[in-house]
Amino acid sequence: MRHLRAASAVTLALSIAVAATGCGGGTTSGGSNESPKTLTYWASNQGPSIEADKKILTPELKKFEKETGIKVKLEVVPWADLLNRILAATTSGQGPDVLNIGNTWSASLQATGALLPWDDKNFEAIGGRDRFVDSAVASAGKEGEPPAAVPLYSLAYALYYNKKMFAEAGVEKPPATWDELVETGKKISKGGKWGLGAEGGNLSNNIHQTFVLGQQHGADFFDKDGKATFTSDGAVAAVKQYIDFMAKDKIIAPGNAEYAQNQSLTDFAKGKTAMVLWQAAASTFAAQGMKPEDWGAAPVPVPSGAPGTGEQVNSMVAGINMAVFKNSKNIDGAKKFVKFMTSDAEQKLLNKTYGSIPPVKAAQADAAFGAPDLKVLRDTLATSAAPLPQVPNESQFETAVGTAVKELWADAAAGRPVTEASVKERLEKAQQTMQQ
């Protein structure tokens with residue numbers, strides 16, 4: 001397996017990130033493996049803001065310190081920076097002891113050899129592999145190899161809708177097909193209000209949405225041998241359909257082309273946008289003053305109106321995994337921390353707070369996860385979600401195609417034509433980047 005190397009645009013970002021993160025991390029943690037005193041932890045931004053995550057996690061880290069005597073130094077890293085920070089750490093050899101990774105990055109980061117493999121012995125140290133839902137573990141690394149991480153939060157996409165805005169527009173129920181979504185969006189998109197929100201500057205989100213639309217158009221973005229097929233008819237149609245929500249249908253505000261940090265959720269909470277496609281939005285809505293009765297959640301639309309497999313897939317298999325850098329001086333302490341964060345009690349508390357689904361079986365059975373929106377997420381994961389391509393260069397895929405989609409959003413926002421030819425040209429450039 002090759003080490004992750006970024007092609008063109010990623011290389012520049014990686015080199016900048018190396019300069020920014022070249023000090024500190026797992027190699028400089030306090031104490032020893034036998035008697036760890038401190039651990040460093042990079043947490044992904046799960047809540048409505050960095051500060052909100054710190055408020056949520058800090059009491060739990062203090063609880064862990066009280067139980068073990070190990071202090072955890074927390075840094076919450078924005079999604080826009082997280083992958084480049086991790087890539088820089090795998091290249092420099094200097095990173096945190098423990099970190100969160102998007103489960104779609106597992107195979108890519110596994111290929112670097114920088115992460116601790118979770119073999120049977122390491123799983124036993126945290127209570128055993130059979131505590132976890134099989135599909136969650138399957139998203140933690142390449143099939144046939146020990147996982148590169150441990151599942152922490154499980155997620156899927158849902159269509160969140162503002163009930164008041166729907167009622168004002170005379171819309172009685174959430175759309176089940178894309179045609180219905182566009183029709184609903186056009187009824188709402190007037191007077192400074194918009195039908196649908198997007199995060200055009202968020203490369204990962206761009207990939208998640210276009211991958212699902214690609215499934216609905218019969219496209220996988222890679223062939224069975226792992227070769228990129230970004231310019232297939234289905235891939236081009238999927239990307240164009242997504243951009244057309246702004247360029248042609250006019251149901252997404254042009255400013256969304258630059259959104260990358262949950263701004264679409266803020267617009268939703270303020271009554272500016274009626275619908276968003278999101279993985280787990282309940283905590284953000286609550287933090288921004290919305291009550292549970294103000295919004296609803298429904299399955300993401302599919303062509304037939306009935307989610308399922310194949311061309312009726314309506315979500316990628318989403319989730320957050322917890323990994324340990326192999327060069328940590330505090331491997332034993334790091335495993336204790338992973339055990340703590342994946343304990344039944346912490347799984348119930350944290351997943352309930354973030355609105356996600358516990359990958360730990362015992363915690364998932366808790367009544368707290370029976371809320372209507374969480375039922376949508378659970379059902380989607382079980383019946384109509386598909387994993388992103390399990391290829392070593394998946395992170396490059398997210399960067400290359402995610403950037404192409406971002407550039408197309410910019411075209412749409414500026415009023416430049418978005419045609420099949422222009423979409424194919426951008427995707428061809430992304431495919432060439434992958435092949436360098």
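Nothing fancy with the numbering, it's 1 onward along the sequence.
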Inset, instruction - Of all the heavy-atom pairs spanning A363 and P358, show the shortest one and how long it is. - result: CB-CB, 3.7 Å
Inset, instruction - Say whether, by atom type as modelled, one donor and one acceptor occur between the side chain of N122 and the main chain of P117 under 3.5 angstrom. - result: yes
Inset, instruction - Report yes or no: is the cationic atom of R85 (NZ for Lys, CZ for Arg) under 6.0 Å from the centre of the six-membered ring of W42, at an angle within 45° of the ring normal? - result: yes
Legend entry - Any D294 side-chain heavy atom under 4.5 Å of K164 side chain: no
Legend entry - Closest non-hydrogen atom pair between L155 and L381, with its separation: O-CD2, 3.1 Å
Inset, instruction - Check the surroundings of atom CD in E180: do more than 12 heavy atoms from other residues, nucleotides or ligands lie under 6.0 Å from it? - result: yes
Inset, instruction - Please round to the nearest 0.5 Å and tell me the distance separating atom CG of L350 and atom CD1 of I56. - result: 8.0 Å
Legend entry - Pair K227-D223, salt bridge (Lys or Arg N to Asp or Glu O under 4.0 Å): steps then yes or no: CA-CA 5 Å; K227 183 179 179 181; D223 64 20; 5.8 Å; no
Legend entry - Minimum-distance pair of heavy atoms, taken over all atoms of A43 and L57: CB-CD1, 3.7 Å
Legend entry - Residues D344 and K348 bridged, charged N to O under 4.0 Å: no
Legend entry - Results of side-chain hydrogen bond (donor to acceptor under 3.5 Å, both in side chains) for Q364 - residues two or more places apart only: none
Legend entry - Qualifying residue for side chain to side chain donor-acceptor pair (under 3.5 Å) with Y259, from N202, N205, D267: D267
Legend entry - Expected output: side-chain Q288 to main-chain A286 donor-acceptor under 3.5 Å: no
Would you tabulate the side-chain donor-acceptor contacts of residues 301-321 under 3.5 Å, counting partners in other chains and residues two or more places apart, or write 'none'?
from, atom 1, to, atom 2, distance (Å)
S304, OG, A306, N, 3.1
S304, OG, A306, O, 3.3
S304, OG, Q312, OE1, 2.8
Q312, OE1, S304, N, 3.1
N314, OD1, S384, OG, 2.7
N314, ND2, V300, O, 3.1
S315, OG, Y157, N, 2.9
N321, ND2, S106, OG, 3.2
N321, ND2, S139, O, 3.3

Inset, instruction - Could you pull out the closest heavy-atom pair between F221 and T210, with the gap in Å? - result: CE1-O, 3.7 Å
Legend entry - Flag side-chain contact, heavy atom, 4.5 Å: V239 against L408: yes
Legend entry - Check: T229 and D220 side chains under 4.5 Å, non-hydrogen atoms: no
Legend entry - Of W105, F211, F230, the residue whose pairing with F397 passes ring pair (Phe, Tyr, Trp, His ring centres under 6.0 Å): F230
Legend entry - Side-chain donor/acceptor of D373 to backbone N/O of A297, under 3.5 Å: no
Legend entry - D97 (side chain) donor-acceptor with L39 (main chain) under 3.5 angstrom: no
Inset, instruction - Evaluate the side-chain proximity of F132 to I126: yes if any heavy-atom separation is below 4.5 Å, no if none is. - result: yes
Legend entry - Ring centers of W178, F245 separated by less than 6.0 Å: yes
Inset, instruction - Would you mind reporting whether F325 and L99 have side-chain heavy atoms less than 4.5 Å apart? - result: yes
Inset, instruction - Taking T58 for its side chain and K55 for its backbone only, find out whether a donor-acceptor pair lies under 3.5 Å. - result: no
Inset, instruction - Measure from the side-chain N and O atoms of T112 to the backbone N and O of A114, and report whether any donor-acceptor pair falls under 3.5 Å. - result: yes
Inset, instruction - State whether the number of non-hydrogen atoms from other residues, nucleotides or ligands found under 6.0 Å of E172 atom CD is greater than 12. - result: no
Inset, instruction - Run the salt-bridge test on E124 and R129 with the 4.0 Å N-O cut-off and return the result as yes or no. - result: no
Inset, instruction - Please examine the side chains of S422 and K424, heavy atoms only from C-beta on, and report whether any two atoms are closer than 4.5 Å. - result: no
Inset, instruction - With rounding to the nearest 0.5 Å, note down the distance linking OG in S395 to CD1 in I207. - result: 11.0 Å
Legend entry - Salt-bridge contact E168-K193 (side-chain N to carboxylate O under 4.0 Å): yes
Inset, instruction - Starting from the C-alpha separation in whole Å, work towards a yes-or-no answer on side-chain hydrogen bond (donor to acceptor under 3.5 Å, both in side chains) for Q431 and T433. - result: CA-CA 5 Å; Q431 185 162 301; T433 297; over 6 Å; no
Legend entry - Exceeds 12 heavy-atom contacts within 6.0 angstrom, atom NZ of K270: no
Inset, instruction - Give a yes or no on whether the backbone of Q396 and the side-chain of T399 come within a donor-acceptor separation of less than 3.5 Å. - result: no
Legend entry - T273 and I252: CA distance, side-chain angles, deciding distance, side-chain contact (heavy atoms from CB on, under 4.5 Å) verdict: CA-CA 8 Å; T273 302; I252 296 178; over 6 Å; no
Legend entry - Close side-chain approach of M434 to F222, heavy-atom, < 4.5 Å: yes
Legend entry - Any donor-acceptor N or O pair under 3.5 Å, side chains Y153, N100: no
Legend entry - Intermediate values then yes/no, side-chain contact (heavy atoms from CB on, under 4.5 Å), N256 and W409: CA-CA 8 Å; N256 283 206; W409 281 123; over 6 Å; no
Inset, instruction - Apply side-chain contact (heavy atoms from CB on, under 4.5 Å) to K250 and K248, showing your working. - result: CA-CA 6 Å; K250 311 295 184 183; K248 180 180 126 182; over 6 Å; no
Inset, instruction - Could you verify whether a donor N or O on one side chain and an acceptor N or O on the other, from T40 and E75, lie under 3.5 Å apart? - result: no
Inset, instruction - Any chance you could measure N45, atom CG, to I50, atom CD1, to the nearest 0.5 Å? - result: 4.0 Å
Inset, instruction - Kindly say whether E394 contributes a backbone atom to a donor-acceptor pair with the side chain of S108 at under 3.5 angstrom? - result: yes
Legend entry - Ring centroid separation F268 to Y161 under 6.0 Å: no
Inset, instruction - Using the side-chain contact (heavy atoms from CB on, under 4.5 Å) rule, take L152 and Q347 through it: C-alpha gap first, then chi angles, then the decisive distance, then the call. - result: CA-CA 8 Å; L152 183 63; Q347 282 285 289; 3.8 Å; yes
Legend entry - Flag if over 12 foreign heavy atoms under 6.0 Å of CD, E143: no
Inset, instruction - Determine the minimum heavy-atom distance between A156 and L377, stating which atoms define it. - result: O-CD2, 3.1 Å
Legend entry - Check: G195 main-chain N/O paired with S189 side-chain donor or acceptor under 3.5 Å: yes
Legend entry - Residues D366 and K352 bridged, charged N to O under 4.0 Å: no
Inset, instruction - Examine the side chains of K406 and N206 and answer whether a donor and an acceptor come within less than 3.5 Å of each other. - result: no
Inset, instruction - Enter the distance from D233:CG to E420:CD here, rounded to the nearest 0.5 Å. - result: 8.0 Å
Inset, instruction - Give the C-alpha distance, both sets of side-chain angles, the deciding distance and a yes or no for side-chain hydrogen bond (donor to acceptor under 3.5 Å, both in side chains) between E199 and S264. - result: CA-CA 7 Å; E199 300 271 325; S264 62; 2.6 Å; yes
Inset, instruction - Please check if the side chain of K187 supplies one atom and the backbone of V171 the other of a donor-acceptor pair under 3.5 Å. - result: no
Legend entry - Ring centroid separation W278 to W295 under 6.0 Å: no
Legend entry - Heavy-atom check, side chain of W118 versus side chain of V324, under 4.5 Å: yes
